[in-house]
Student: 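Got a structure for you, questions after.
Numbering of ligands and ligand atoms starts at 1, following listing order. When a residue number appears, it is its place in the shown sequence, counting from 1.
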Amino acid sequence: MSLLPDDFWPLAEASRQTGFSRNSIERRSEHRTEELVAEALADPNALTLVFNHDGRLLFDPAGSPWQPREQVEHLSAPGYSQRLLLGWMDGTPRHALQRCDTADDPPDPYKAIDVRSIYAQGLLIPADEGALGQARSLLNWHGGHRHCGFCGHATEIAGGGIKRACPSCGREVFPRIDPVAIMLVTDGERALLGRSAHFPEGMYSCLAGFVEHGETLEDTVRREVLEESGITVGAVRYHASQPWPMPHTLMMGFFGKALSSEIQFDETELADCRWFSRDEMIEVLSRRPAYQSTEPSLPGGTSAPPRGAIAARLMADWVALTAH
Ligand SMILES: [Zn+2]
């Protein structure tokens, strides 16, 4: 019998170092009878993430994002559009609720903060940030699938949110996740980064794109890099993944081996695209965009995505892997 070499199994998962990755909610999806769901939704000890109608989380940044029942009633008045059973954590049912009204922001000390800012500023502990990712991603999907794609009838939440059912044609649909490949392409000495026009000033990141029908992830990497930068990629290697709840995406990170070096980037997609040496990458990683820093700006310099971003993970791990 031949054994796999020890280094086949990485000791530490790179995915565990990304944002939204430490969700410990137990979903019990296979055991969700309607009785169990009804009981968990009525449980007086359940804790809830309450979202504004526009998707911002309502919470006291100095406390827990999880609201007990009496607070949920206060924060969700006069009503809500969706309520989901995320699962169980620390023995109590965990819900996610989205308000349907367009009332003003909540009274002090509560704030309405968008998910991207919560993540970029690190406002939650990792387990709560992970649960927030699950909640926001699921609520986003349900919000966009209120009608049956087959017969057009209004659909209903079933199983506490693990699916939607159509009462007219009887079909069930399950929450979809959009796969995105994100990649750091290297020629050995340098790595390829780009910036979109909507990035914070000076920020560079890995190239990325949606997986299309009928292609492998490796082919997505090669196609996207060629389309966006003009660089031809050969071998591709998986590195890490990251749940990304904007709106309901799974980021899958890869390293790609460049077979060419002349960049001809797509100006409709990118404001710039260039090679960075290892020293330049270290410099980029030492600087963060202004929204994550107390410094007002980083004039004239380059900066990296937030620490929890899988792009920052790929960049930092390339630096670590090329240390010698
Ligand atoms: Zn239907």
Side-chain angles (χ1 to χ4, degrees), residues 20 23 25-43 46-58 72-73 75-89 93-103 114-116 130-181 209-217 219-220 241-252:
F20 302 109
N23 185 10
I25 286 182
E26 188 193 343
R27 301 155 200 259
R28 301 184 195 168
S29 302
E30 299 303 311
H31 305 287
R32 289 196 183 196
T33 59
E34 290 306 322
E35 294 74 32
L36 179 72
V37 169
E39 195 180 303
L41 286 174
D43 191 321
L47 295 169
T48 304
L49 295 176
V50 180
F51 294 87
N52 214 358
H53 69 282
D54 58 9
R56 290 179 297 164
L57 183 68
L58 301 178
V72 173
E73 287 166 7
L75 285 174
S76 63
Y80 56 86
S81 59
Q82 299 186 74
R83 188 164 63 136
L84 307 178
L85 171 63
L86 300 174
W88 289 258
M89 191 161 73
R94 304 295 174 131
H95 304 168
L97 179 150
Q98 181 146 321
R99 278 171 25 149
C100 59
D101 63 292
T102 54
D114 68 281
V115 171
R116 193 181 289 272
L132 170 69
Q134 181 190 345
R136 196 58 261 160
S137 190
L138 264 180
L139 286 167
N140 288 342
W141 182 83
H142 280 279
H145 292 81
R146 295 165 193 271
H147 292 87
C148 178
F150 298 95
C151 76
H153 199 279
T155 53
E156 296 164 353
I157 291 172
I162 56 169
K163 59 187 175 183
R164 293 186 78 88
C166 176
S168 177
C169 73
R171 285 185 170 93
E172 292 181 333
V173 286
F174 294 83
R176 295 293 194 266
I177 296 164
D178 299 332
V180 167
F210 285 103
V211 180
E212 296 196 357
H213 294 261
E215 67 183 2
T216 65
L217 291 164
D219 286 341
T220 305
S241 64
Q242 176 181 36
W244 187 246
M246 290 166 263
H248 35 71
T249 296
L250 178 66
M251 308 290 290
M252 292 173 284

Student: Between C166 and H153, which heavy-atom pair has the shortest distance, and what is it?
Tutor: SG-CB, 3.9 Å
Student: Give the minimum heavy-atom separation between L132 and L57, together with the two atoms involved.
Tutor: CD1-CD2, 4.1 Å
Student: Can you name the one residue among K163, H248, R164, Q98 that meets side chain to side chain donor-acceptor pair (under 3.5 Å) with H142?
Tutor: R164
Student: Salt bridge check: are R116 and D114 linked by an N-O gap of less than 4.0 Å?
Tutor: no
Student: Which pair of non-hydrogen atoms, one from P175 and one from G161, has the smallest distance, and what is that distance?
Tutor: CG-O, 3.8 Å
Student: Within less than 2.8 Å, report the number of protein N/O/S atoms around the Zn ion (ligand 1).
Tutor: 4
Student: Rounded to the nearest 0.5 Å, what's the gap from CG on L75 to CG on L49? Could you check?
Tutor: 11.5 Å
